[in-house]
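Chain naming here is simple, since letters A, B, ... match the order of the sequence lines and numbering starts at 1 in each. Keep in mind the model is a prediction, meaning the values are calculated, not measured.
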2 protein chains.
Amino acid sequence: MKQEQLILHERPNGLPDENTFQFKEVEVGEANEGQVLLKTLYVSVDPYMRGRMSDRDSYIEPFQVGEPLAGGVVAQVVESKTDQLEKGDIVRGNLPFQEYLVVQPDSVSKVDTNGLNPSVALGALGMPGLTAYFGMMHIGEPKKDETVVVSGAAGAVGQIAGQLAKKAGARVVGIVGSEKKAAYITGELGYDAAVEYKKGDVQQQLKEACPNGIDVYYENVGGEIGDAVWPLLNDFARIPVCGAISSYNLKEGEQDIGLRIQPFLIKSHAKMQGFIVGDFADQFGEAYKFLAEGVSNGELKFEETIKEGFKTIPDAFLGLFTGENIGKQLVKVADEE
Amino acid sequence: MKQEQLILHERPNGLPDENTFQFKEVEVGEANEGQVLLKTLYVSVDPYMRGRMSDRDSYIEPFQVGEPLAGGVVAQVVESKTDQLEKGDIVRGNLPFQEYLVVQPDSVSKVDTNGLNPSVALGALGMPGLTAYFGMMHIGEPKKDETVVVSGAAGAVGQIAGQLAKKAGARVVGIVGSEKKAAYITGELGYDAAVEYKKGDVQQQLKEACPNGIDVYYENVGGEIGDAVWPLLNDFARIPVCGAISSYNLKEGEQDIGLRIQPFLIKSHAKMQGFIVGDFADQFGEAYKFLAEGVSNGELKFEETIKEGFKTIPDAFLGLFTGENIGKQLVKVADEE
């Protein structure tokens with residue numbers, strides 16, 4: 001069966017563009033004994049994928065030119081030659097981006113959607129939800145009446161992170177890039193205030209929104225936003241560093257230059273910690289249970305921005321860097337059968 | 001009795017100079033009931049004092065213009081009108097810089113010099129030694145065969161910090177500003193290698209000295225030295241941030257600009273933590289015992305650079321920023337009686 005695959009055509013230098021991606025028609029055969037044939041339903045595009053497009057040392061190996069891009073995928077089993085999965089099962093995995101694919105059942109895990117759209121397994125109950133949980137609860141550790149600032153606050157991770165801090169009794173301020181996102185986080189999500197960074201002086205806005213200083217800064221974006229936060233840190237502040245999207249599209253040889261943080265960390269006796277979700281792999285169960293409970297009883301809210309069609313993946317990905325998405329950005333590739 | 005006091009004459013803008021300091025003759029009377037009269041023996045000059053000379057928000061209140069500078073002092077009781085201290089006792093305290101002064105006994109603590117020069121209470125067995133201990137052992141947590149880099153490695157804190165890491169079984173590399181200091185840390189202190197930052201490309205030198213990357217970076221200096229370290233951090237690196245001396249003399253309105261650290265912290269899942277010794281006040285006993293044992297059995301070595309005479313305090317202080325001192329910089333004000 002002929003079908004589409006998305007490959008890395010050329011490593012981007014700076015912002016990815018049309019030359020970065022290429023669609024390729026490939027043949028997918030039947031499942032052999034012990035395998036399953038999957039139909040891709042949803043593909044997740046995430047900022048961290050930009051790092052894999054460059055050939056540099058990172059926490060995850062680079063994509064190879066001419067090879068498929070890969071990431072979070074929710075798929076349905078359309079043919080099964082193993083006892084581990086049945087036809088019709090919904091699964092999730094870190095898989096190449098293509099419409100159909102044959103895999104070993106061990107490379108995916110079954111998703112119990114519990115009446116929810118299966119896309120939730122790529123967002124609130126997937127990697128972004130877990131990332132929010134561990135960064136906020138294990139590094140940020142917000143306490144009652146503390147002030148927590150979340151950047152990228154209306155994004156896939158930020159929307160969950162802020163709500164977890166609210167649940168812990170903190171005052172939560174989100175930094176976002178549009179009025180629509182500001183309305184979403186203060187309305188739907190219950191954040192106490194929003195700062196729109198495109199409206200000018202971020203530090204002044206933060207001062208007004210955080211009259212008692214900042215105890216936890218959940219860092220999703222880096223760059224000038226972080227610079228505006230450092231002088232407002234309270235004693236013993238905690239800074240989980242989850243992402244630095246502002247630096248992901250630097251060109252070869254460019255460096256991310258701004259305020260050095262050491263003087264601020266000393267003055268505030270503050271702690272700053274970079275992490276990826278895999279650092280907490282042994283505690284996924286606990287976190288998943290917590291998030292699933294919140295989602296199913298409606299306490300934990302989330303949005304998804306969904307593009308339709310396999311060919312929209314590059315656009316959906318690029319939109320992450322212009323802030324198009326509210327909540328989790330996904331691409332819907334096919335309907336469930 | 002007329003005697004000298006050192007006051008803050010003018011807040012420095014940038015590097016302190018002759019206008020920053022002023023000596024003032026003041027009258028010191030006799031001790032009243034319940035008080036002691038002290039004769040200052042040694043005065044400690046430390047980089048953190050520069051922060052107190054500016055009128056800005058910090059972890060410690062600023063010095064006041066026209067009022068005496070203050071800091072670590074070792075003194076001898078020359079007259080006692082309390083049962084708590086006897087004439088001849090050696091004490092230490094955070095005290096105004098003057099030749100003689102009358103204090104309440106509760107504002108000082110008695111020093112048991114154990115045959116050592118009492119100046120040790122301001123260095124290896126004082127604030128710098130404790131700072132080295134908590135930063136290295138409680139935040140850095142070096143493990144056997146890890147690589148530990150210490151900046152300001154021949155300074156009051158650095159000379160102790162590196163030896164503690166050696167004791168923990170780590171490979172220790174010190175960054176210093178002269179050949180003499182390099183010889184001191186690799187010879188006397190047993191560091192495995194020295195990097196002389198004035199000899200050019202610090203990152204290249206560090207790469208050669210740290211073929212397995214950097215697991216702990218004990219940050220004393222900040223600035224370009226830190227920038228050179230970030231790309232070499234290993235997974236799960238720890239960075240105790242003790243000082244950032246390179247930024248202490250920025251002028252009004254100048255900012256400390258360099259590499260933003262967020263991308264490096266994410267890539268390396270690294271932790272960076274600012275601290276001051278007082279954060280660990282409840283554990284001083286444990287640390288002091290550990291350090292005192294090392295000093296008395298000769299395992300823990302240290303140097304002191306001592307200027308003579310109360311009037312040399314400004315010079316001794318300024319020398320900290322040009323790297324004049326090896327080990328702890330002190331001023332000897334008077335002999336014991």
### Query
Who wins among A:Gly222, A:Ala244, A:Gly258 for the most heavy-atom pairs under 4.5 Å with chain B?
A:Gly258
### Query
If you count heavy-atom pairs under 4.5 Å with chain B, which of A:Leu265, A:Ile257, A:Ile276 comes out on top?
A:Ile257
### Task
List the atom of A:Arg260, the atom of B:Leu259, and the distance in Å for their closest heavy-atom pair.
NE-N, 4.3 Å
### Message
Give me the atom names and distance for the closest heavy-atom approach of A:Phe236 to B:Asp279.
### Response
CZ-OD1, 3.5 Å
Measure the spacing between [atom1] of [X] and [atom2] of [Y] and express it to the nearest 0.5 Å.
X	Y	atom1	atom2	value
B:Ile261	A:Asp256	CD1	CG	11.0 Å
A:Gln273	B:Ile266	CD	CD1	12.0 Å
A:Ile225	B:Gln262	CD1	CD	11.0 Å

### Message
Does any backbone or side-chain atom of A:Asp227 lie under 4.5 Å from a heavy atom of chain B? Answer side chain, backbone, both or neither.
### Response
side chain
### Query
Taking the side chain as C-beta and beyond, is there a heavy-atom pair between B:Lys271 and A:Lys271 under 4.5 Å?
yes
### Query
Is B:Glu224 atom CD crowded by more than 12 heavy atoms from other residues, nucleotides or ligands, each under 6.0 Å away?
no
#### Entry: Option in B:Gly51, B:Pro231, B:Gly223 with maximal non-hydrogen atom pairs under 4.5 Å from chain A
B:Gly223
### Query
Who wins among B:Gly226, B:Ser268, B:Pro263 for the most heavy-atom pairs under 4.5 Å with chain A?
B:Pro263
